[in-house]
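Since the structure comes first, as structure tokens, the remarks are kept for the end.
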Amino acid sequence: YIYNPHTKHLITSFLSTKFLSYLLSFPSTLSNLVKGALITDKLLLPLESDLPKATLQALEKSESNLVGVKLFYKESDWGVVSELIAWIKKFSPAPRVSIFFYPGLLNIELQSSQLDKSSFVQFISNYVGVEYKNILTFGDNHNDIPMMKGGVRGYALSNALFLLKQEASVISKYSNDEDGVIKELTSFFADKTN
């Protein structure tokens, strides 16, 4: 956990292996999966579609914490995905479920319900003593919108959602597939040294 020691405000938390076992026990989680991954604080672990125990063992062996889970299903599997989400919501505490629609695919992302990028930016600002106007944030999706508020220098990558671009201070000419963050940081710091 990362938290402000003065207020005990939780900034980041992880998903438990108990939740992962629960998720993998739902029959359609893996059987209908197109691809998936466990996002940890150390590495990305691919989800093995037919080996739930191997997935749990790989996470344990990595000695890392589970930050999130990405699951991709065919768009035609919407019924199965709806059942899966209902199953996930029965777990206590239920994680945050985000659904992204891509051509032919449904992307389900699971994170701790305590995870909040905006709170993390606030924590860093207070902890390090940096004014909001001197904080750079980068994003491309709806979960980045709250982080762009409050006076930070928000960069929306060129492939960002329209709503995010409305909140951003700068709209990059580069996408995240074109290393937009690196290019914008390089440009930003080059301007500061001249």
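Quick note: numbers below take in every heavy atom, side chains included, and nothing from hydrogens, waters or symmetry partners.
- Using modelled atom types, no side-chain atom of Ser187 and backbone atom of Lys183 make a donor-acceptor pair closer than 3.5 Å.
- Residues Ile99 and Ile85 form a side-chain contact, since some pair of their non-hydrogen atoms from C-beta on lies under 4.5 Å apart.
- Between the side chain of Tyr22 and the main chain of Trp87, a donor-acceptor pair closer than 3.5 Å is present.
- Under the 4.5 Å side-chain criterion, counting only non-hydrogen atoms from C-beta, Leu15 is not in contact with Leu20.
- With contacts defined as side-chain heavy-atom distances shorter than 4.5 Å, the pair Leu23/Leu84 qualifies.
- Side-chain contact check for Lys89 versus Val97: some heavy-atom pair is nearer than 4.5 Å.
- A heavy-atom distance below 4.5 Å is not found between the side chains of Thr137 and Tyr155.
- The shortest non-hydrogen separation linking Gly139 to Asp144 is CA-OD2, 3.3 Å.
- Separation of atoms CG (Leu110) and CG (Leu38) is listed at 10.0 Å; rounding is to 0.5 Å.
- When all heavy atoms of Ser62 and Leu43 are compared, the pair lying nearest together is CB-CD2, 3.9 Å.
- The heavy-atom pair separating Asn107 from Tyr102 by the smallest distance is CB-CE1, 3.5 Å.
- Taking both residues in full, the closest heavy atoms of Met147 and Phe138 are given as CE-O, 3.3 Å, listed atom of the first, atom of the second, then distance.
- Between Phe91 and Phe19, the ring planes are perpendicular. Angles over 60° get that label, and only those under 30° would be called parallel.
- Of the possible donor and acceptor atoms, one in the side chain of Ser158 sits under 3.5 Å from a partner among the backbone N and O of Tyr174.
- Taking each heavy atom of Leu33 and Leu47 in turn, the nearest pair found is CD2-CB, 4.0 Å.
- Side-chain N or O atoms of Arg153 include one that pairs as donor or acceptor with a backbone N or O of Lys133 at under 3.5 Å.
- Without hydrogens or angle criteria, Ser169 side chain to Gly154 main chain gives a donor-acceptor distance under 3.5 Å.
- Of the listed residues (Leu161, Ile145, Val152), just one forms a side chain to side chain contact (heavy atoms under 4.5 Å, CB included) with Glu167, and that residue is Ile145.
- Closest approach of Ala156 and Met148 over heavy atoms only: N-CE, 4.3 Å.
- Between the side chain of Asn159 and the backbone N or O of Ser175 there is no donor-acceptor pair closer than 3.5 Å.
- Side chains of Ile39 and Lys70 form a contact here, defined as non-hydrogen atoms less than 4.5 Å apart.
- One distance of note links CG of Leu105 with NZ of Lys74; it measures 9.5 Å at 0.5 Å rounding.
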